[in-house]
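Shown next, in structure tokens, is the structure this report addresses.
All chains are named by letter (A, B, ...) in the order of the sequence lines, taking the proteins before the strands, and each is independently numbered beginning at 1.
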There are 2 protein chains.
Amino acid sequence: MRVAAREGLHSVSLRGVAAEAGISLRSIQYFFETKARLMQSGLDALETISNERLSARLRALGPSPGARATLETYFAVALPTDHESRQFHLLWTSYAMLALTDPEVSARTFVDGPNRQQKRIASLLEKGKSEGEFRRALNSETEATILISLIHGLGTAVLVGQRTAESAFASFGHYLDRLSQQTSLEPDRDQHSSA
Amino acid sequence: MRVAAREGLHSVSLRGVAAEAGISLRSIQYFFETKARLMQSGLDALETISNERLSARLRALGPSPGARATLETYFAVALPTDHESRQFHLLWTSYAMLALTDPEVSARTFVDGPNRQQKRIASLLEKGKSEGEFRRALNSETEATILISLIHGLGTAVLVGQRTAESAFASFGHYLDRLSQQTSLEPDRDQHSSA
DNA sequence: ATCTTTGTGATACAACTGTACCACAAAACG
DNA sequence: CGTTTTGTGGTACAGTTGTATCACAAAGAT
């Protein structure tokens, strides 16, 4: 994973990871048999690690966090801010593109994973609705689809440097605001009202 | 581009594209000098072609299309439905990941391009607001950020096969609906009202 | 006609790739 | 004890990679 994140997934070689791990080429062969299996193991490890990361951050929220706070944690974890999350986003996307052209890496991962997350977000929205944090008229399924796509899209924008993490977070917060604001009839205030 | 879309960007070789083009290795060398320049030319061509594709689709909308119709066209073009747009999305993302690890391919492309599109969408929203198609209270900049991220995120979900193009289109439409709906106080209808 | 530019073909080369094979050490097990 | 399992190091091999080099052809320019 270190090699892949540093030099790109495409330039991962058996000798390269052997050198990075400080062991011999033969040992890599012994444990992974073939390169295809090494690559697949990398993807599996990536998924496991990211799931653990998310779980840890969710636990850190306390016993019964609000739906909005949980969603923001989801987003904060997905956003490539620190080195580790940047690494994850880069590799995950690289693997996804690889799976589209190389039949040896399982494409199912990129369907099942997001599907699970979407389900979790949808039920989170349901919880938020029942607790009054979100508008009751929301369609949780549709909203979850939009949210997960938004999280991924903003994440990519931050990753490539088009957008700062702060502005991405602001945009996400703005979107969440609209999910919670009750249909109100406040007069639209223009910005030339003060200063 | 054909080779890259078929076998993955990582497995593009000088000999491979020479064979695909039906010319000799030497000719590829003659016109592109080095592989780095060949790759960069590919990215440039990709951007040019996609811009032309978008322009053509926008022209086909007629003389003065509505803001929402224009946005839907933006989305339809970005969505990887046919072979050509799938190819584009795959290669664009692959190039973006490549640019993050390989300093030889310009990373600026992935900042400038989306920035331009975001500006266009923001001004489109402004137009929509002034013509009554969208709520006047919208922050066009923020909304454009969300829209472009949403477009990209949904596009990726469709590309990897997690989501159908139809459902992505429905989600996008649902989002646009909320940009246009005036703050109303309709009673929230539950789904157990009928059937 | 001569020279230059533009382009093509064939091939050589060093570096790197994944894989296979052989010998050997250390531990586990009977 | 011997034997099997588990793991490691070294190395060889065939194939592919990007790049460089040499010869040569066709066209344009003067």
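At the phosphate of D/dG10, neither OP1 nor OP2 sits under 4.0 Å from any side-chain N or O atom of A/Ser24. Residue B/Ser13 places at least one side-chain N or O under 4.0 Å from the OP1 or OP2 atom of D/dT17.
A donor and an acceptor atom, one from each side chain of B/Asp44 and B/Gln40, are located under 3.5 Å apart. Looking at B/Thr109 and B/Glu47, their side chains never bring a donor and an acceptor atom within 3.5 Å of each other. A side-chain N or O of B/Ser140 and one of B/Glu126 form a donor-acceptor pair less than 3.5 Å apart.
Listed candidates were D/dG7, D/dT11, D/dT17. Nearest to the side chain of A/Leu25 is D/dT11. Of the listed nucleotides (D/dT6, D/dA12, D/dT19), D/dT6 has the atom at the smallest distance from the side chain of A/Tyr30.
Between A/Val12 and B/Ser27, the residue anchored nearer the 5' end of DNA chain C, judged by the nucleotide with its closest heavy atom, is B/Ser27. Each of A/Arg15 and A/Phe31 has a nearest nucleotide on DNA chain D; the 5'-most of these lies closest to A/Phe31.
At a threshold of 4.0 Å, the pair A/Arg53-A/Asp82 counts as salt-bridged, since one of the basic side-chain nitrogens sits closer than that to a carboxylate oxygen. A salt bridge between B/Glu72 and B/Arg68 is present, with a side-chain N of the basic residue lying under 4.0 Å from a carboxylate O of the acidic one. Note on A/Glu20 versus A/Arg6: salt bridge recorded, some NZ/NE/NH1/NH2 to OD/OE distance being below 4.0 Å. Ion pairing between a basic and an acidic side chain is recognised when a charged N comes within 4.0 Å of a carboxylate O; B/Glu143 and B/Arg178 show no such pairing. Under the 4.0 Å criterion applied to side-chain N and carboxylate O atoms, B/Arg2 and B/Glu84 are not assigned as salt-bridge partners.
Here the straight-line distance linking atom OG1 of A/Thr70 with atom CZ of A/Arg57 works out to 12.5 Å at 0.5 Å rounding.
Comparing the start and finish of the helix from C/dA1-D/dT30 to C/dG30-D/dC1, five pairs each, the helix axis swings through 10°, to the nearest 10 degrees.
Contact detail for A/Ile148 and A/Pro114: the closest heavy-atom pair is CD1-O, 3.5 Å.
The distance from atom NZ of B/Lys35 to atom P of D/dG18 is 4 Å, rounded to the nearest whole Å. Atom CD of B/Glu104 is separated from atom P of D/dG18 by 13 Å (rounded to the nearest Å).
Contact footprint of chain B on DNA chain C: nucleotides with an atom under 4.0 Å from a non-hydrogen protein atom, first to last in 5' to 3' order, C/dT6 to C/dA12.
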Detail all sub-3.5 Å separations between protein N/O atoms and N/O atoms belonging to nucleotides 21-23 of chain D.
residue, atom, partner, partner atom, Å
D/dT21, O4, B/Arg26, NE, 3.2

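In terms of modelled atom types and a separation under 3.5 Å, the side chain of B/Asp102 and the main chain of B/Leu98 share no donor-acceptor contact.
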